[in-house]
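Heads up, the thing below is written out as structure tokens.
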Amino acid sequence: MLFLCKTKEKGYEQYQIFIEPKRAHLIKYDNWKEEFLLQIKDESIPVKTSIDDNNYRIWGFPFFNTTERMSQFKDNMTTLIK
């Protein structure tokens, strides 16, 4: 898990990101798990509590693999930074 905090105009956004390293020969075998991780991202809804002005989000990234998936990982990180 990766925890990130982004400052906003009012308060900040907190992200809990699920990242799973995966060896190349297991990517295809564990495809179901990657699909689940991506569903978390697609269906996440920012939650705002009454205690503060912060948003809380849970995201899942595609499997992390330096030889086959590095560009996807970079794209997802770039999306988060924006």
Side-chain angles (χ1 to χ4, degrees):
M1 278 189 86
L2 173 65
F3 295 94
L4 295 178
C5 184
K6 258 169 82 170
T7 304
K8 293 291 185 181
E9 197 171 300
K10 278 190 167 186
Y12 54 90
E13 266 185 332
Q14 286 188 358
Y15 289 85
Q16 293 179 358
I17 304 163
F18 292 90
I19 301 171
E20 183 168 346
K22 189 66 68 176
R23 291 188 170 255
H25 70 283
L26 295 174
I27 290 175
K28 195 175 209 178
Y29 176 76
D30 284 343
N31 187 45
W32 65 271
K33 193 183 299 185
E34 185 175 42
E35 288 176 9
F36 173 73
L37 291 172
L38 297 175
Q39 282 179 343
I40 293 172
K41 175 185 168 189
D42 293 339
E43 296 179 17
S44 83
I45 299 168
V47 176
K48 195 171 203 173
T49 63
S50 58
I51 300 170
D52 53 35
D53 289 335
N54 305 321
N55 288 332
Y56 301 90
R57 235 184 231 277
I58 299 174
W59 272 29
F61 272 20
F63 288 150
F64 177 77
N65 181 286
T66 54
T67 57
E68 296 188 19
R69 300 288 179 90
M70 196 59 174
S71 64
Q72 288 177 325
F73 182 79
K74 287 180 181 179
D75 290 346
N76 278 274
M77 288 303 288
T78 301
T79 300
L80 275 178
I81 294 169
K82 288 181 182 180

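The first residue in the sequence is number 1, and the count goes up from there.
Between N65 and R23, the shortest heavy-atom distance links the atoms ND2-C, 3.5 Å.
The environment of OH in Y29 is sparse: at most 12 heavy-atom neighbours from other residues, nucleotides or ligands sit within 6.0 Å.
One distance of note links CD1 of I58 with CD of E43; it measures 12.5 Å at 0.5 Å rounding. For the atom pair CZ (F61) and CD1 (I19), the distance works out to 5.0 Å, reported to the nearest 0.5 Å.
Not counting sequence neighbours, the partners of E20 by the salt bridge (charged side-chain N to carboxylate O under 4.0 Å, His left out) test are K22, K33.
If you chain together hydrophobic residues whose side chains sit under 4.5 Å apart, W32 and L38 never meet in one group. Put simply, L26 and F64 are part of two different groups of oily side chains (I, L, V, M, F, W, Y) that touch within less than 4.5 Å, one to the next. Both L2 and M70 belong to a common hydrophobic cluster when Ile, Leu, Val, Met, Phe, Trp and Tyr are linked at side-chain heavy-atom distances under 4.5 angstrom.
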Intermediate values then yes/no, side-chain contact (heavy atoms from CB on, under 4.5 Å), T66 and F73: CA-CA 9 Å; T66 54; F73 182 79; over 6 Å; no

Set out, in order, the CA-CA distance, both residues' side-chain angles and the distance that settles side-chain contact (heavy atoms from CB on, under 4.5 Å) for L4 and W59, then state yes or no. CA-CA 11 Å; L4 295 178; W59 272 29; over 6 Å; no

Please lay out, stage by stage, how L37 and F63 fare under the test side-chain contact (heavy atoms from CB on, under 4.5 Å). CA-CA 9 Å; L37 291 172; F63 288 150; 4.0 Å; yes

Tell me, with the steps shown, if K6 and Y12 meet side-chain contact (heavy atoms from CB on, under 4.5 Å). CA-CA 5 Å; K6 258 169 82 170; Y12 54 90; 5.8 Å; no

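Counting only N and O atoms by type, the side chains of Q72 and N76 include no donor and acceptor under 3.5 Å apart.
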